[in-house]
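In listed order, ligands and their atoms are each counted from 1. All values reported here derive from a predicted model rather than from experimental measurement. Residue indices begin at 1 and follow the sequence shown. Basis for what follows: all heavy atoms, side chains included, without hydrogens, waters or symmetry-related copies.
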Amino acid sequence: MRKKIVAGNWKMNLLENEVIDYIQELEQLYSFKPDDVELIIFPSSIYLDSLINLPNYDLGVGAQDCSANDNGAFTGEISASMLASFKDEDKNEINYCLVGHSERRKYHNEANELLSKKVNQLIQNDLTPVYCCGETIEERNDGELFDVIEKQLKEGVFHLSMENFKKVIIAYEPVWAIGTGVTATKEQAQEMHQFIRQKIADKYNEEIAENTSILYGGSCKPSNANELFSQPDIDGGLIGGASLKPESFIQIAQSF
Ligand code: 13P
């Protein structure tokens, strides 16, 4: 069975003292998280160490980006092998990394070809890529939405072998719903999640499609999470703004 996941993408938010407060509050609320829901936080890289040092949690921790290269002269970049090297028996680990968030695609011109290399780096280092896809409002209005998503999947992750694709999580984040307060309706989200699952089944097989977690992202919050998460092909959320407060983040985790 595929996992239920609620993931918080902090983006470029929170100062160090705010992260300390966040962690304290999360510790107090953590017991309210349902056991069958996995919680993941994607902080700015500078805070990864604080999160993997947390005691006694099953919290997933992920980076927001990684390099498409192995290592070497790439100033400012973080390699997948560096992320994977944070392994210590007494600590949590970095297990996940976002790839292809629409903000990376838009502000850093990251195209599918580059993203496929990042996916490869993560797989080689035994980390789980959370591969983001989504259409703009113009692409939706022009009726190109399914073609756009299919291309993002084909060029970003469908080069993987069946064994390696099993490690991938998909996040559908319609660009027009990110940070806008406009959420996709449950019908719009379900329609695209079903399409993505069908494409995975066509490329690999039904079993792999059934076992792939597909998360929804875009203005998801405590007041709309339940109607989204009750759709058959929506396995959880990738949450931006509403993950910045532990209380609303945990409330979303309770929304299945
Ligand atoms: P918001 O929840 O702030 O719309 O952001 C969604 C997102 O981009 C998560 O990656």
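Note: no N/O pair closer than 3.5 Å links Glu103 and ligand 1 by distance alone. Checking only distances, Thr180 never comes within under 3.5 Å of ligand 1, N or O to N or O.
With Asp65 as the partner, the salt bridge (Lys or Arg N to Asp or Glu O under 4.0 Å) test is satisfied by one option alone out of Lys118, Arg105, Lys11: Lys118.
Side-chain contact between Glu210 and Arg2 is present, with at least one heavy-atom pair separated by less than 4.5 Å.
For CD of Glu187, the number of neighbouring non-hydrogen atoms (other residues, nucleotides, ligands) closer than 6.0 Å is greater than 12.
Numbered from 1 in the order shown, with element, the atoms of ligand 1 that lie under 4.0 Å from a heavy atom of Gly218 read 4 (O), 6 (C). Heavy-atom contacts of Ala177 reach the following atoms of ligand 1: 4 (O) (cutoff under 4.0 Å). Below 4.0 Å from some heavy atom of Gly241 lie the following atoms of ligand 1, by number and element: 1 (P), 2 (O), 3 (O).
If you check the side chains of Gln188 and Tyr216, you find no donor sitting under 3.5 Å from an acceptor.
To the nearest 0.5 Å, the span separating CG on Leu39 from CD1 on Ile5 amounts to 10.5 Å. Rounded to the nearest 0.5 angstrom, Leu83 CG and Asn95 CG are separated by 10.5 Å.
When all heavy atoms are compared, the tightest approach of Gly156 to Val119 is O-CG2, 3.7 Å.
With a 4.0 Å cut-off on non-hydrogen atoms, Lys221 does not touch ligand 1 at all. Using a 4.0 Å cut-off between heavy atoms, Ile178 contacts ligand 1 through both its backbone and its side chain.
For atom 5 (O) of ligand 1, the closest heavy atom belonging to the protein is Lys11 NZ, 3.2 Å. Of all protein heavy atoms, the one closest to atom 7 (C) of ligand 1 is Glu173 OE2, 3.2 Å.
With atom 2 (O) of ligand 1 as the reference point, the heavy atom nearest to it among Ala242, Gly8, Ser102, Gly240 is part of Gly240.
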